[in-house]
Number of protein chains: 2
Amino acid sequence: MYTISEIADLLGVSPHTLRYYEKEKIVVPDRDANGNRVYRKEHFTWLRFVIQLKQTQMPIAKIRKYTELYLEGDHTTTARLALLEEHQRAIQEQLHTLTATEKMLSDKIESYKQYIARMKNKQLT
Amino acid sequence: MYTISEIADLLGVSPHTLRYYEKEKIVVPDRDANGNRVYRKEHFTWLRFVIQLKQTQMPIAKIRKYTELYLEGDHTTTARLALLEEHQRAIQEQLHTLTATEKMLSDKIESYKQYIARMKNKQLT
DNA sequence: ATTTGACTTCGAGTAAACTCTAACGAATAT
DNA sequence: ATATTCGTTAGAGTTTACTCGAAGTCAAAT
């Protein structure tokens, strides 16, 4: 049982963001007698999942789609599977690009270091 | 020597985007007698580099910063190196997150597949 | 001579994902 | 009893990176 700011702290997001996710119907918490939001373990788990998808560039709209399918029940498993596989492919492409760029950068960084070392030497002579 | 639409085609971006990059002082092409943009080999090379940084989530502002330093000349090599190293770290973090998420997803995908297979079996009985 | 097509500028418009503001209510602290 | 703290809402504002539209120029094709 968490308040909005507690769960925000736990997840490293702002309460504003959590209200936004609620408006987008991605995670709709319970309410207490005063109308305050109450997040439970399952909300926490779902939010953690959502944030992980977000960190890997899945757009909010697709996350909402997946959430809708999940809430619709068992007959949407095939659709959900397709969505996850699509995102898996997106991730694999990103891994590709990032790996290539990392190589390019470490080469460039190496050249820069050598250039700087050469300049330092010159100064000492 | 390329026109704006030629280089846009070569790089897979729109002429609009190239004009925007010029406004942001990331790549400023030459002009011909009619005032039309003329991109040369070096502009192409720089744009390809910029696009690769963009694909790995470097914000336009940082790309512009790097470009400025580059244009300022040799005495900015240390600053440029620092910038590249910072982005390299960002990439390594992304690789981490993506790898972890890819594992998470392939597990989830596996469960979904098994669940669907189980349902199919049931139907056959 | 005029139409076509590609270019130009400047400024406005768009989409995504927040992020903030203002005005209010309830519970706790002094 | 009052001040503070934390929550609420609806709606407006912000940032990033484009993306588009309108009005105009210029050279080549018909």
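First the proteins, then the strands, lettered A, B, ... as listed; each starts at 1.
- In terms of heavy-atom proximity, A:I7 sits nearest to A:I4 at CG2-O, 3.4 Å.
- Where B:N36 and A:T17 each meet DNA chain C at their nearest nucleotide, the meeting point lying more 5' is that of B:N36.
- For B:Q88 (side chain) and A:L105 (main-chain N/O), no donor-acceptor pair under 3.5 Å exists by modelled atom type.
- Note: CD (A:E22) to P (C:dC18) measures 15 Å, nearest angstrom.
- Distance check, rounded to the nearest 0.5 Å: CD1 of A:I60 to CD1 of A:I63 gives 4.5 Å.
- With sequence neighbours excluded, the residues that form a side chain to side chain contact (heavy atoms under 4.5 Å, CB included) with A:K62 are A:M58, A:P59, A:L83, A:E86.
- When rounded to the nearest whole Å, the span between OH of B:Y21 and P of D:dA17 equals 8 Å.
- Atom pair A:K62:NZ and C:dA17:P shows a separation of 11 Å (rounding to whole Å applied).
- Identified under the ring pair (Phe, Tyr, Trp, His ring centres under 6.0 Å) test for residues 65-109 of chain A, with sequence neighbours left out: A:W46-A:Y70, A:F49-A:Y66.
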Kindly give the atom pairs (protein nitrogen or oxygen, nucleotide nitrogen or oxygen) under 3.5 Å for nucleotides 14-16 of chain C.
none

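- Within a heavy-atom distance below 4.0 Å of DNA chain C, the residues of residues 44-54 of chain A found are A:K54.
- Look at B:R19 and you won't find any side-chain N or O under 4.0 angstrom from OP1 or OP2 of D:dA17.
- Proximity of A:R48 to A:I51: side-chain heavy atoms (C-beta onward) are nowhere separated by under 4.5 Å.
- The nearest whole Å value for the distance from the CZ atom in B:R64 to the P atom in D:dT15 is 14 Å.
- Atom OH of B:Y39 and atom P of C:dC7 are 11 Å apart (whole Å).
- Within residues 2-9 of chain A, the residues that have a heavy atom under 4.0 Å from DNA chain D are, in order of number, A:T3, A:I4, A:S5.
- Remark: A:E102 CD to A:D107 CG distance equals 9.5 Å, nearest 0.5 Å.
- Scanning for salt bridge (charged side-chain N to carboxylate O under 4.0 Å, His left out) contacts around B:E24 gives B:R64, with sequence neighbours left out.
- The nearest whole Å value for the distance from the CG atom in A:L18 to the P atom in D:dC6 is 16 Å.
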Do any side-chain atoms of residues 113-120 of chain B form donor-acceptor pairs under 3.5 angstrom with protein atoms, and if so which ones, sequence neighbours left out?
unit_1: B:K113; atom_1: NZ; unit_2: A:E85; atom_2: OE2; d: 3.4
unit_1: B:Q114; atom_1: NE2; unit_2: B:E110; atom_2: OE2; d: 3.4
unit_1: B:Y115; atom_1: OH; unit_2: A:D74; atom_2: OD2; d: 2.6

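- Applying the ring pair (Phe, Tyr, Trp, His ring centres under 6.0 Å) test to every pair with at least one member in residues 11-39 of chain A, sequence neighbours left out, gives no pairs at all.
- Listed by first and then second residue, the salt bridge (Lys or Arg N to Asp or Glu O under 4.0 Å) pairs involving residues 26-47 of chain A are A:E22-A:R31, A:E22-A:R37, A:D30-A:R40, A:R40-A:E42 (not counting sequence neighbours).
- Nearest nucleotide to the side chain of A:R37, out of C:dC18, C:dT8, D:dT8: D:dT8.
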Filtered N/O pairs between nucleotides 25-27 of chain D and protein, under 3.5 Å:
unit_1: D:dC26; atom_1: O3'; unit_2: B:N34; atom_2: OD1; d: 3.1
unit_1: D:dA27; atom_1: OP1; unit_2: B:N34; atom_2: OD1; d: 2.9

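- Atom CD1 of A:I26 is separated from atom CG of A:L18 by 11.0 Å, given to the nearest 0.5 angstrom.
- Residues forming a side chain to side chain donor-acceptor pair (under 3.5 Å) with A:T76 (at least two apart in sequence, or on another chain): A:R80.
- The NZ atom of B:K23 sits 8 Å away from the C1' atom of C:dC10 (whole-angstrom rounding).
- Side chain of A:H16, nearest nucleotide from D:dT9, C:dT21, C:dT9: C:dT21.
- End-to-end axis angle of the helix from C:dA1-D:dT30 to C:dT30-D:dA1, using five pairs per end and rounding to 10°, comes to 20°.
- Here the CG-CD distance, from B:L11 to B:E6, works out to 12.0 Å after rounding to the nearest 0.5 Å.
- Summarising the geometry, atom CD1 belonging to A:I91 is positioned 7.5 Å from atom CE belonging to B:M104; distances are rounded to the nearest 0.5 Å.
- Scanning all heavy atoms of the two residues, the minimum distance from A:V38 to A:M1 falls at CG1-CG, 3.9 Å.
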